[in-house]
Protein chains: 2
Amino acid sequence: MPTLDEVARMAGVSRATASRAINGGSRVSAKAAEAVAEAVRTLGYTPNPAARSLVTRRTDSVAMVIPEADERVFADPFFARTLRIVTRALSARDLQVVLLIARPGDEEERLLRYLRGGHIDGAIVVSSHRSDLLADHVADLGLPAAFVGRPWTGAHRVSYADTDNFAGAREVTQVLIDRGCRRIGTITGPADMSAGADRVAGWRAALDAASLAADAVVEGDFTEDGGEAACEILLGRHPDIDGLMVASDLMAAGALRTLERAGRRVPDDVAVVGYDDLGIAERTTPPLTTVKNPIGDMAEEAARLLLAQLDGTTTIPRRVVFAPELVRRTSA
Amino acid sequence: MPTLDEVARMAGVSRATASRAINGGSRVSAKAAEAVAEAVRTLGYTPNPAARSLVTRRTDSVAMVIPEADERVFADPFFARTLRIVTRALSARDLQVVLLIARPGDEEERLLRYLRGGHIDGAIVVSSHRSDLLADHVADLGLPAAFVGRPWTGAHRVSYADTDNFAGAREVTQVLIDRGCRRIGTITGPADMSAGADRVAGWRAALDAASLAADAVVEGDFTEDGGEAACEILLGRHPDIDGLMVASDLMAAGALRTLERAGRRVPDDVAVVGYDDLGIAERTTPPLTTVKNPIGDMAEEAARLLLAQLDGTTTIPRRVVFAPELVRRTSA
DNA sequence: CGTGATTGTGGGAGCGCTTCCACCAGAATG
DNA sequence: CATTCTGGTGGAAGCGCTCCCACAATCACG
């Protein structure tokens, strides 16, 4: 590996000048700059990132933190999509994305050590569990960071991009009410996640406004199998259900399987709505009426929020909330 | 940020002893080790990775390289699954995974600069396009690396884990032959990917052995919409088809949609088999007879192959090929 | 009690880079 | 002609760490 010294020697300049020429090039004569460029080319020189980072105190890499048990992480297209978009947005600025999947509790200490250790300049965190205190920890560290989805705890101390899950859930539940459903149940997301909690709240608000009973509730886990099982329980407890708002399309796909097995026609016997619209909703039979979760916007915005902090443009926490959008198909 | 110097001073030892105590601890007295540990704890010391890396010439991080146009990357569950498994396997060894998604051609130069630049100790590459010369480049660099899936070019120069796509495709095509299909078409993967090419070859071999015509071929792109479109073309050209081997379940799901629209019953009019069995195959109607692509095994093995090189255990390229496994469902 | 091994320790060099600072030529100003 | 600026340059310090090496202390053994 060639070093800056060799480049400088070959170009006939000092190491200081060579360094200046390579970074930005202000205060360097055209002649010197050209000689350095030439030397870099012939030597195939690449600056040693460790040495550079040691003095600049920047690493030009950013962590993408996913505090989930990793079995769940990629079953949901949510994470993959977020990861892809964040990666693209950041690599446009020559930042590398370091992937950190940490089981909560278990590996939290190790995760924090990593975040604190100067490996990375900032972090994008996809986290909204009640139990994890990542937002507080990150705020304590003073680490530039942006959250995708409102963190359950410490939300006011960090920047985040979110969508209005409450409004989205209320709106899609209203679709059920408008088509005449009178006994409307829900399969929720995990109760310890902000998206889960907000969506039940939206469901409940719609029912309350229509003076309908809001007691047919079963908690799911955002997986397809979980939706299938939850729907069975729900059907057992409330056989008279004629409408079902499921907190994610993946769970809704599972619920549809249960309904079919139970001989309930969708939407005639039971109308079903989902949430997310990440592709799976159009492939179910029947295709799901759902709410578009603008995760593309959220992920991009989170990247922007992080970049603003890295640039030092701003240091006060900002929140950006995107509106969800109703998507009508045939399941309700 | 506390430095090693401060730790050493607080522990009442030299910087050298403190360093030894922190790494491994051989040739350090119990008393000194304890004093250092105590100082580390109270100071909240974390070694500066840049400084350490500068002298050890290791970074303890590994690149996961995905040379695909990123729109395609996460539509297929293949990448997400691979990524998850590799990440888990490597983080068990305290290696961080840096995600590199590079559009081929376009950003190849930048990718190679990154790989060469000392940012990472090794790479896991998911690549098997004819056009990319990553295997050769990586071999030229002498960078420890392992490929998931046989690279199209330079395969003999690098370690890789693969599955026998030829055998798998032949076997699943035989299912069609055995059930009495006599006019068997295929929707292939991209012709410039080794998995795509191997699977058509397997299909062809099965038909040749049974003395059946092997001319009903349309190229697909491993996406659901692509499968749908390819199936339309195929049906137009060869309306007499009674069997269809599709090179991926995702494409097969699209093909099933086309068949349904065309009024062909599956499997009675046209029997269909897919490839991959990554979850989607059980959700189609009817569920797909397919071949299990052992990507979990492949990803884990690739991680192992890389670790072996990082440990210096071995330097000669090794290949590991996993057997595919037939999964019978109702589509054929 | 001398010799040689063994264990623990600290001094110091040096990894490759950026950046501060002193310097110098030459242009612009009084 | 003396003076202030400039733009351009190189010397040298120092980022925080590991590890080589010299050295001291302890031990085993004849």
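Residue numbering restarts at 1 for every chain, and letters A, B, ... go by the order of the sequence lines. Atoms considered below: every heavy atom in the structure, side chains included; atoms not considered: hydrogens, waters and symmetry mates.
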Neighbour count >12 (heavy atoms, 6.0 Å) for atom CZ, A/Arg304: yes
Interface residues of residues 41-52 of chain A with DNA chain C (non-hydrogen, below 4.0 angstrom): A/Tyr45, A/Pro47, A/Asn48, A/Ala51, A/Arg52
Write down the protein N/O and nucleotide N/O pairs, taken from nucleotides 19-27 of chain C, whose separation is under 3.5 Å; answer none if there are no such pairs.
none

Pairing residues for B/Ala32 by the side chain to side chain contact (heavy atoms under 4.5 Å, CB included) criterion, not counting sequence neighbours: B/Val13, B/Thr17, B/Val28, B/Ser29
Sequence-distant partners of A/Phe322, ring-ring contact (aromatic ring centres under 6.0 Å, His included), two or more places apart: none
Residues which pass salt bridge (charged side-chain N to carboxylate O under 4.0 Å, His left out) with B/Glu38, listed by chain and number, not counting sequence neighbours: B/Arg41
A/Arg27: partners by salt bridge (charged side-chain N to carboxylate O under 4.0 Å, His left out), with sequence neighbours left out: none
Five-pair end axes of the helix from C/dC1-D/dG30 to C/dG30-D/dC1, angle between them (10°): 40°
Residues from residues 3-14 of chain A lying under 4.0 Å of DNA chain C - heavy atoms: A/Thr3, A/Leu4
Pairs satisfying ring-ring contact (aromatic ring centres under 6.0 Å, His included), at least one member in residues 11-49 of chain B, at least two apart: none
Residue list, ring-ring contact (aromatic ring centres under 6.0 Å, His included) with B/His119, at least two apart or on another chain: B/Tyr114
Neighbour count >12 (heavy atoms, 6.0 Å) for atom CZ, A/Arg318: no
Interface limits on DNA chain D, where chain A has a heavy atom under 4.0 Å of a nucleotide atom: D/dG7 to D/dG16
Nucleic acid contacts - residues 109-123 of chain B versus DNA chain C, non-hydrogen atoms under 4.0 Å: none
Taking every non-hydrogen atom, the tightest pair across A/Met1 and A/Glu6: O-OE2, 4.1 Å
